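Here the structure is a predicted model, which means the values were calculated and not measured.
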Amino acid sequence: QVPLVESGGRSVQAGGSLRLSCTASGYTFTDYCMAWERQISGKERETVAHIGSDGQTSYLDSVKGRFTITKDNADNHVYLQMDSVKPDDTGMYYCAAGRAVQAPDGTPNCLPATSWGQGTQVTVSS
């Protein structure tokens, strides 16, 4: 279990921007694939953005072009830059970590997440 700590959630008006941060004391993110998940009221938790150990990223369709996930191995942080936010983006955002592994053919792969932070609330008003 990686002790993940998120920050940066706040209230913002539609069309605005904010940046979420995630870090873990005593761990290096180079060994992990990282993701941001969100829980919207009345809906199942969904993965918003994912970044592998090789830096490859993927996004939920509804946030493509608006959100950007980055990982800074030097200062051990993962960020989610959220631009052009919408009221539908309102929810609790969680940082998630899964071990990075190497497939038999040498390609990087990610195990399912096994660690999550406590979450940070994002509220977007219209």
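- The minimum heavy-atom distance linking T90 with V124 is given by the pair OG1-N, 2.8 Å.
- The line from SG of C33 to NZ of K71 is 6.5 Å long, rounded to the nearest 0.5 Å.
- D83 and S17 make their closest contact through OD1-OG, 2.8 Å (heavy atoms, listed as atom of the first residue, atom of the second, distance).
- T70 is not listed as a side-chain neighbour of I51, based on a closest heavy-atom distance of 4.5 Å or more.
- Residues Y27 and P3 form a side-chain contact, since some pair of their non-hydrogen atoms from C-beta on lies under 4.5 Å apart.
- Within a 6.0 Å sphere centred on CD of E46, other residues, nucleotides and ligands contribute more than 12 heavy atoms.
- Side chain of E6 to backbone of G119: a donor-acceptor contact under 3.5 angstrom is found.
- Taken to the nearest 0.5 Å, the CE atom of M92 stands 7.5 Å off from the OG1 atom of T120.
- Taking CG of D88 as the start and CD1 of I40 as the end, the distance is 7.0 Å to the nearest 0.5 Å.
- When atom types are taken as modelled, the side chain of Q118 and the backbone of V5 share no donor-acceptor pair closer than 3.5 angstrom.
- Under the salt bridge (Lys or Arg N to Asp or Glu O under 4.0 Å) criterion, K43 pairs with no residue, sequence neighbours left out.
- With sequence neighbours excluded, the residues that form a ring pair (Phe, Tyr, Trp, His ring centres under 6.0 Å) with H77 are Y79.
- Heavy-atom neighbours of Q121 CD from other residues, nucleotides or ligands within 6.0 Å: above the threshold of 12.
- For R10, there are no salt bridge (Lys or Arg N to Asp or Glu O under 4.0 Å) partners, not counting sequence neighbours.
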For M82 and V12, run side-chain contact (heavy atoms from CB on, under 4.5 Å): C-alpha distance rounded to whole Å, both residues' side-chain angles, the deciding distance at 0.1 Å, then the answer. CA-CA 11 Å; M82 303 170 64; V12 61; over 6 Å; no
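- Considering only residues two or more places apart in sequence or on other chains, Y93 meets the ring pair (Phe, Tyr, Trp, His ring centres under 6.0 Å) condition with none of them.
- Put simply, SG on C22 and CG on L4 are 4.5 Å apart, with the number rounded to the nearest 0.5 Å.
- Applying the salt bridge (Lys or Arg N to Asp or Glu O under 4.0 Å) criterion to R66, with sequence neighbours excluded, gives D89.
- A chain of hydrophobic side-chain contacts below 4.5 Å, direct or via other Ile, Leu, Val, Met, Phe, Trp or Tyr residues, connects L18 to V78.
- Interatomic distance, R99 CZ to C110 SG, rounded to the nearest 0.5 Å: 11.5 Å.
- We find the OH-CG distance between Y32 and N73 to be 13.0 Å, quoted to the nearest 0.5 Å.
- The stretch residues 34-67 participates, sequence neighbours left out, in no ring pair (Phe, Tyr, Trp, His ring centres under 6.0 Å) pair at all.
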With side-chain contact (heavy atoms from CB on, under 4.5 Å) as the criterion, how do N76 and T28 come out once you've worked through the C-alpha distance, each side chain's angles and the decisive distance to 0.1 Å? CA-CA 6 Å; N76 216 40; T28 174; 4.3 Å; yes
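- Just one of L80, V63, L20 meets the side-chain contact (heavy atoms from CB on, under 4.5 Å) condition when paired with R38; it is V63.
- Residue Y94 is not grouped with residue V122 when hydrophobic side chains (ILVMFWY) are merged at heavy-atom distances under 4.5 angstrom, including chains of intermediate members.
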